[in-house]
Amino acid sequence: MAENILEVKDLVKHYPLTQGILFKKQVGAVKAVDGISFELKKGETLGIVGESGCGKSTLAKVLMNLERATSGQVLFKGEDISQLSGAALKAVRRNIQMVFQDPYTSLNPRMTVGDIIGEPFEIHPEVAPKGDRRKAVQDLLDVVGLNPEYINRYPHQFSGGQRQRIGIARGLALKPEIIICDEPVSALDVSVQAQVINLLEQLQGDFGLSYMFIAHDLSIVRHISDRVGVMYLGKMVEIGSDEEIYENATHPYTQALLSAVPVPDPTARESRDRIVLAGDIPSPANPPSGCRFRTRCWKAEDRCAEEIPLLAVPSVLEGPAAHESACHFPEVREQAAA
Amino acid sequence: MPDIHDEDSYEPHPKPGVSRLDYAGEQGMAVEQETLVERDVVKREEARSLWGDAWRDLRRRPIFLISAVLILLLVVMAIFPWAFTDADPRKADLVNDYLKRPDWGDVFGVGWFGYDAQGRSIYARVVYGARASITVGIFVTAAVTVIGGLTGMVAGYFGGAVDAVISRITDIFFGIPLLLGALVLLNAFSTRTVWSVVIALGVLGWTQIARVMRGAVLTVKQADYVVAGRALGAGTGRLMFRHILPNAIAPVIVVATIALGGYIATEATLSFLGIAGRRGARRPRSEASLSEGSAS
């Protein structure tokens with residue numbers, strides 16, 4: 001097994017809720033990310049799925065150090081980077097880069113493509129000597145499948161898919177080892193999604209990148225990921241290889257998510273058994289006691305309200321079903337496949 | 001992939017008659033590039049900058065051209081007033097009766113607009129008055145944009161306590177009426193020139209720009225490209241001046257342009273009240289410039 005390039009230990013991000021104008025008193029906290037642990041191996045893709053508001057994007061921001069973690073550790077090659085600042089943080093940024101969700105807002109409209117992709121070199125001049133920068137930018141454009149002649153164009157002259165390629169080129173400029181993709185294709189047209197995903201996969205092979213791929217689209221995540229983590233309300237509820245998650249989900253939330261994936265075959269659609277969850281996702285400022293999913297879970301019992309289920313391999317299960325799952329009553333559901 | 005769909009996605013259909021499915025997959029990229037290449041043939045790759053685009057657009061508009069010529073004329077008049085009239089604006093000759101009708105036939109002549117009570121050529125005074133008006137207009141606007149822009153930028157970017165302090169200072173200055181404040185300030189100057197007016201109006205006028213700038217910065221700093229800059233490790237200066245400023249400056253330019261006319265009018269008012277020094281005049285003059293038909 002490859003080494004762990006990124007290890008996240010018990011990561012917590014709480015946003016304080018304050019009251020009062022002059023003397024701010026903390027009255028609570030929005031628990032956006034509440035104790036998440038996982039590891040990312042070199043060269044693999046870890047997919048993170050979950051519905052809107054479950055903390056996926058906050059997790060990405062904390063990993064990028066754009067938001068400071070409330071507690072917990074982010075270990076990059078064994079070194080905790082979650083509390084770094086100044087020059088040390090700047091050095092770490094060379095190794096972890098990000099691709100943003102919306103290619104229409106993530107490129108500065110007042111800068112040319114050459115300036116946008118060349119900016120990483122200006123910030124980190126040690127990566128490319130001054131004279132080589134133009135060439136380096138053109139090489140990057142070529143790598144992401146854009147015409148190197150477009151270096152003097154502005155973002156508005158490109159389509160969504162092309163803009164996302166520019167965003168990816170910017171992320172690649174510093175030759176990072178990890179790229180965090182925060183829903184990189186959800187703002188794109190279906191046909192272009194496929195191209196961008198294929199580009200990401202090809203780049204992973206060429207440069208040995210590790211991806212953390214955040215998305216709410218289960219099919220894309222399955223396509224690109226080696227392992228998948230499912231988040232609910234700031235917690236990781238289940239994590240495992242894509243086969244373990246997609247074919248042998250043991251957490252009821254994962255099963256409900258999978259049952260909502262559209263099926264292209266109408267006859268299969270008739271016969272399958274959808275799980276429709278009752279109610280809305282609870283407020284992360286005031287999450288349910290015990291298991292966070294219990295308010296919407298059909299299996300919930302008294303124990304779920306009292307005891308927080310730990311993310312661990314359930315001892316009762318065997319084979320592909322035996323992967324980490326945070327449920328008191330884990331079991332594989334028939335017909336859970338997507 | 002069966003279920004990739006997102007309501008937010010917007011992608012103009014690449015070519016009419018090509019279905020989405022045909023367009024998808026490996027070929028899609030080729031099609032996408034092809035359309036761009038086709039466009040290139042029409043407009044052969046001249047590096048198009050935003051300024052270039054704006055110029056191409058503007059130079060075909062008659063309103064822009066007419067305004068540009070007028071502005072140019074006034075600027076030339078301010079720099080070379082002697083090119084527009086032979087008369088000395090200060091030469092008072094009581095032979096010239098101000099009750100006489102202006103000599104409309106004497107185009108560009110001394111008596112074109114008639115004479116004032118002291119027998120000075122009003123046309124010459126209009127021409128020579130342009131310099132003061134334009135100097136005040138341009139320099140006050142520049143000063144106000146720099147002071148207001150910087151304070152607004154700092155307040156909006158750093159937020160929190162810095163914002164609170166700067167915003168309260170802005171409020172204090174905002175409470176001083178521009179004209180009254182300028183009267184009081186100018187009274188404190190022993191020597192008054194056009195530059196004292198520029199200083200007085202600059203010190204009092206920056207608050208509006210600061211507020212506009214602060215608001216614009218608050219919006220722009222949320223943008224993904226600013227976050228992307230931070231993720232790359234960009235420092236405060238780079239984020240402020242390369243990413244935020246170019247995208248937040250538009251409303252400031254609008255407000256500053258509108259204010260420019262206001263400053264010229266304010267200067268005219270001060271001049272009418274006899275408080276704004278003109279062309280090195282040391283003390284308020286008893287007669288009022290506006291009534292003499294000065295340009296400002």
Side-chain angles (χ1 to χ4, degrees), chain A residues 61 64-66 89-91 93-94 97-98 100-102 104-112 115-116 119-120 122-124 145-147 149-150 152-154 157-162 167 170 173-174 185-195 197-198 217-220 223 261-264, chain B residues 1-14 18-33 35-37 39-40 43 45-50 52-53 164 220 222-235 238 242-250:
Chain A
K61 283 186 182 143
M64 284 301 298
N65 245 313
L66 292 169
L89 178 59
K90 198 173 158 185
R93 293 209 186 282
R94 279 188 55 184
Q97 273 303 310
M98 189 163 179
F100 288 82
Q101 171 174 9
D102 186 350
Y104 291 91
T105 62
S106 63
L107 304 177
N108 187 339
R110 307 273 169 191
M111 284 163 81
T112 63
D115 288 340
I116 290 171
E119 190 173 35
E122 283 180 32
I123 297 169
H124 302 267
L146 290 172
N147 186 341
E149 306 265 305
Y150 295 167
N152 286 324
R153 293 192 174 198
Y154 284 86
Q157 295 168 294
F158 292 90
S159 70
Q162 290 176 317
R170 173 177 60 190
L174 298 175
V185 295
S186 55
L188 302 177
D189 191 33
V190 180
S191 60
V192 183
Q193 287 188 344
Q195 298 167 22
I197 292 289
N198 289 341
D217 187 319
L218 292 161
S219 307
I220 285 188
H223 177 76
V261 172
V263 176
Chain B
M1 275 175 276
D3 68 324
I4 13 185
H5 180 72
D6 196 307
E7 292 91 345
D8 299 335
S9 71
Y10 170 72
E11 186 84 16
H13 205 285
V18 181
S19 86
R20 271 205 177 167
L21 279 177
D22 293 340
Y23 179 60
E26 299 298 323
Q27 285 180 340
M29 195 176 102
V31 174
E32 196 177 43
Q33 296 229 339
T35 46
L36 259 177
V37 170
R39 232 189 290 152
D40 282 350
K43 295 179 192 171
E45 208 59 35
E46 38 180 314
R48 303 201 308 172
S49 70
L50 294 181
D53 275 354
V220 172
Q222 314 277 342
D224 273 354
Y225 51 82
V226 178
V227 179
R230 276 209 291 150
L232 286 171
R238 172 176 288 275
R242 291 230 46 193
H243 293 286
I244 297 179
L245 183 67
N247 290 288
I249 197 78

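Keep in mind that what you see is a predicted model, and the values were worked out from it rather than measured. Residue numbers begin at 1 in each chain, while the letters A, B, ... track the order of the sequences.
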With chain B, the option among A:M64, A:R170, A:M98 that has the most non-hydrogen atom pairs under 4.5 Å is A:R170
Turns out that what part of A:N65 lies under 4.5 Å from chain B's heavy atoms comes down to neither
message = Given 3.5 Å as the limit, does a donor-acceptor pair link the side chain of A:E119 with the main chain of A:I116, or not?
response = no
Bottom line for B:R238: the part with an atom under 4.5 Å from chain A's heavy atoms is side chain
Side chains of A:S106 and B:D224: any donor to acceptor distance under 3.5 Å? no
Look at the side chain of A:Y104 and the backbone N and O of A:G160, then say whether any donor-acceptor pair between them is shorter than 3.5 Å.
yes
Turns out that what part of B:V227 lies under 4.5 Å from chain A's heavy atoms comes down to both
(request) For the residue pair A:I123 and A:K90, establish whether any side-chain heavy-atom pair is separated by less than 4.5 Å. (result) yes
(Q) Please tell me whether A:Y150 and A:F158 form a close aromatic pair, meaning their ring centres lie under 6.0 Å apart. (A) yes
Bottom line for A:L107: the part with an atom under 4.5 Å from chain B's heavy atoms is backbone
